[in-house]
Amino acid sequence: MRASELFTPTLRETPAEAEIASHRLLLRAGFIRKAAAGIYTFLPLGWRVIHKIEGIVREEMDRAGGQELLLPIIQPAEVWQESGRWELYGEEMFRLKDRHGRPFCLGPTHEEIITALVRAEVNSYKQLPLLLYQIQNKYRDERRPRFGLLRGREFIMKDLYSFDRDEAGLQESYNKMYVAYSNVFRRCGLKFRAVEADTGAIGGNFSHEFMVLADAGEALVLFCRCCDYAANVEIAPASPRPAPAGDDQPLELGKVHTPGRRTVEEVCSYLGVDPRRLIKTILYEADGQLVAALVRGDRELNEVKLQKVVEAARLNLADPDRVEEALGVPVGFVGPVGLGSVPLYADLEIPYLVNGVAGANEKDYHYVNVNPGRDFVPLKVADLRQVVAEEPCPQCGAPLEEARGIEVGQIFKLGTKYSLALGALYKDDRGEERPIVMGCYGIGISRTMAAAVEQHHDEHGIIWPVSIAPYQVVIIPAAVRDTAQREEAEKIYAQLRAEGVEVVLDDRDERAGVKFVEADLIGYPLRLTVGKKTVAQGTVDWKWRWSTEERAVPREGLARRVKEAINAALQEPGGFYRGFPGI
RNA sequence: CGGGAUGUAGCUCAGCUUGGUAGAGCACCUGCUUUGGGAGCAGGGGGUCGCAGGUUCAAAUCCUGUCAUCCCGACCA
């Protein structure tokens, strides 16, 4: 491709709407443009990257036995009503009606439609297992789209669904996908971790998320330095540890005046107690009913854990005004002692407390010498708190590390949730009807593109891994008006193309500086510069985008050397980033 | 959905407080010079000031409504 013909409108200045690196750089370098909030056009360079990622995904899915098909974007309401998710999905679903008033939606995901397909076409155990996948636009009307491609309303996703006869078959499919996903992200040149994860609203009972490690990531992951343990903080189990040594003998419950002290910090400094002795009482609405969660003052509550323990379909922090209305106490003074009918859910650490401090359920008062078991009895004691770095690994006990991650893929065991709801059954070898056992496995293609930029960029622009770069090489003649330089560059261009290298010739009549700056911004992995000096001495200047080093290499045999270097880079995508900080 | 902010040229923004008929830099077009890290000079084109009402002799500017976008929070296969 000639740069003079390439449609890559670059921006010298950063668009005001872009906050994070990937959004900023993809806009500036001319890969994407915004059409509406959370909806983007992919320009030629951006679309090439998407194709590269899709290509890698296809190869790995096919290698694992997957078969590609294409499901509709517009889906009829019926199948969603059958699974019960037409109601459950709520506002996040884009809904529409046809001219006859029949309800449809833009598919936010495809479990229903593919299960309906398999229900109709698969009847016998002989047709199983089956791995079907598609790469498609998906639609979710996010309350708040943000971060460019990382959280859009229209996005490109690969998802594969596995259909097996039984649990053992599902486990096998799941393992295949785990391996395939690891291959995909390794080949994309990304530093990632597979972490144990919550299954969320999609249902099912076992899941891993694939996280690209980057500071812009919305997820927090914990991983062990010594063993292979890694988990999303949402589900990482805490090990209970005793409260600090204090008074061993329970003292008499007492009420103290704490005017205006609402927060843990305020109460603790006012009363001169360690936050570890405080009982933090947080009120939630679980399916409309008020519940109280108790954690130590120095801990953070984990809502995902609470939701599971409470067994609520919907759980959200209770509105402070509603709490005051229901309990007659401002939230800062609510405590477990004498809280009436509100069910108490206590973290594992709470029963270890001796002579703790808690709200007195009376404005401007707290209780001291609160003793769990004596002064209140929780409905349930369970792991409710957030684990933090340096706590012991649940597998081996070594201190955990934490990192931020961008979720680019997730694999689930669904079991029979959808096959039962939609009646996807098969006859086994004894003629008995049984539900198909399902799994689902997603990769955010467009999100992976953004994640790659988050992980691989510098102050000048993007640094694409060779495997997903829009083009592998750019040739820059320093001055195209110099016939010798121009002809030399044209020759190299023709030779590289003959070798099958994906190359851009920057044949524009621009100053060399402009071409260098744009090449850095766009992030071509390899740059070959032809100048007056290199022509005279029979060399070209060779520079990798991720390196600061530039060296003159002989013009003789250049095309083959480039081809070999590109192949080497494709073989070991992460190898070129050894210099990058990582884990 | 709650809180905050912003909509003026393709991009970044000034002008708004104190109403008087629209500006800068970059980008674009033409010419000359320049040519290995976003060049210089000269000339030129481009905006119903988000939209709709209202106040006024007069509105980018004041008032009301509305739409859009961004940030924080809530939410999130």
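In the text below, chain A, chain B and the rest are named by the order of the sequence lines, each starting its count at 1. Keep in mind that what you see is a predicted model, and the values were worked out from it rather than measured.
F155(A) comes within 4.0 angstrom of a nucleotide base, judged by non-hydrogen atoms across all strands. Counting non-hydrogen atoms under 4.0 angstrom, G442(A) reaches nothing in the nucleic acid. No engagement by P9(A) is indicated, since no non-hydrogen atom pair under 4.0 Å with the nucleic acid exists. Nucleic acid contact for D159(A): none, since no nucleic acid atom lies under 4.0 Å from a heavy atom of the residue.
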Annotated protein contacts, base or backbone, on nucleotides 66-74 of chain B with a non-hydrogen cut-off under 4.0 Å, one of B, S, - each: ---SSBBBB
I'd like a table of atom pairs between the protein and nucleotides 37-40 of chain B - only N or O on both sides, under 3.5 Å - with the distance next to each one.
residue, atom, partner, partner atom, Å
rG37(B), O6, R527(A), NH1, 2.9
rG37(B), O6, R527(A), NH2, 2.8
rG37(B), N1, D520(A), OD2, 3.0
rG37(B), N1, R527(A), NH1, 3.4
rG37(B), N2, D520(A), OD2, 2.2
rG38(B), O2', R12(A), NH1, 2.3
rG38(B), O2', R12(A), NH2, 3.2
rG38(B), O6, R28(A), NH2, 3.0
rG38(B), N2, E518(A), OE2, 2.7
rA39(B), OP2, R511(A), NE, 3.4
rA39(B), N9, R511(A), NH1, 3.4

Heteroatom pairs (N/O) under 3.5 angstrom, protein to nucleotides 43-46 of chain B:
none

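Using cut-offs of 30° and 60° on the angle between ring planes, the pair W47(A) and F42(A) is tilted. Classification of the F31(A)-W464(A) ring pair by plane angle, with boundaries at 30° and 60°, yields tilted.
Atoms NZ (K515(A)) and C1' (rU35(B)) sit 10 Å apart, rounded to a whole Å. Look at NZ on K533(A): it is 10 Å from C1' on rG36(B), rounded to the nearest Å. Separating the CZ atom of R33(A) from the C1' atom of rG10(B) is a distance of 10 Å, rounded to the nearest angstrom. Spacing between atom CG of L150(A) and atom P of rC76(B) amounts to 19 Å, rounded to whole angstrom units. Separating the CZ atom of R508(A) from the P atom of rA27(B) is a distance of 13 Å, rounded to the nearest angstrom. Atom-to-atom, CD of E218(A) to P of rC75(B) comes out at 13 Å; the value is rounded to the nearest Å.
Ranked by how close their nearest RNA chain B nucleotide is to the 5' end, K532(A) and T14(A) are led by T14(A).
Using Watson-Crick or G-U wobble geometry with both donor-acceptor distances under 3.5 Å, rC70(B) finds its partner in rG4(B). Base-pair partner of rU55(B): not found among the strands shown (Watson-Crick or G-U wobble, both distances under 3.5 Å).
When the P atom is compared between rA24(B) and rC41(B), the two are found 15 Å apart, to the nearest whole Å. For the C1' atoms, the distance linking rC13(B) with rA5(B) amounts to 16 Å, nearest Å. When the C1' atom is compared between rA60(B) and rU17(B), the two are found 14 Å apart, to the nearest whole Å. With both ends at atom C1', the span from rG50(B) to rA59(B) equals 16 Å, rounded to whole Å. When the C1' atom is used for both rG53(B) and rG38(B), the distance is 46 Å, rounded to whole Å.
Ring centers of Y174(A) and F206(A): under 6.0 Å apart, within the cut-off. Taking the six-membered ring for Trp and the full ring otherwise, Y178(A) and F210(A) have centroids separated by under 6.0 Å.
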Which pairs would a plain distance check flag for residues 508-519 of chain A, meaning a side-chain donor or acceptor within less than 3.5 Å of a matching protein atom at least two apart in sequence or in another chain?
residue, atom, partner, partner atom, Å
R508(A), NE, D506(A), OD1, 2.8
R508(A), NH1, E518(A), OE1, 3.2
R508(A), NH2, D506(A), OD2, 2.9
R508(A), NH2, E518(A), OE1, 3.3
D509(A), OD1, R481(A), NE, 3.4
D509(A), OD2, R481(A), NE, 2.9
D509(A), OD2, R481(A), NH2, 2.7
K515(A), NZ, P477(A), O, 3.0
K515(A), NZ, D506(A), O, 3.1
K515(A), NZ, R508(A), O, 2.9
E518(A), OE2, T10(A), OG1, 3.0

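Using a 4.0 Å cut-off between a side-chain N of Lys or Arg and a carboxylate O of Asp or Glu, R193(A) and E209(A) do not qualify as a salt bridge. Salt bridge annotation for E111(A)-R85(A): present, with a cationic side-chain nitrogen under 4.0 angstrom from a carboxylate oxygen. The pair R2(A)-E490(A) meets the salt-bridge criterion, since a charged nitrogen lies less than 4.0 angstrom from a carboxylate oxygen. One finds no salt bridge joining D141(A) and R95(A) here, because no Lys/Arg side-chain nitrogen approaches an Asp/Glu carboxylate oxygen to under 4.0 Å.
Of the residues in residues 484-491 of chain A, not one places a heavy atom less than 4.0 Å from an atom of RNA chain B.
Partners of N302(A) under the side chain to side chain contact (heavy atoms under 4.5 Å, CB included) rule, at least two apart in sequence or in another chain, are V304(A), K305(A), Q386(A).
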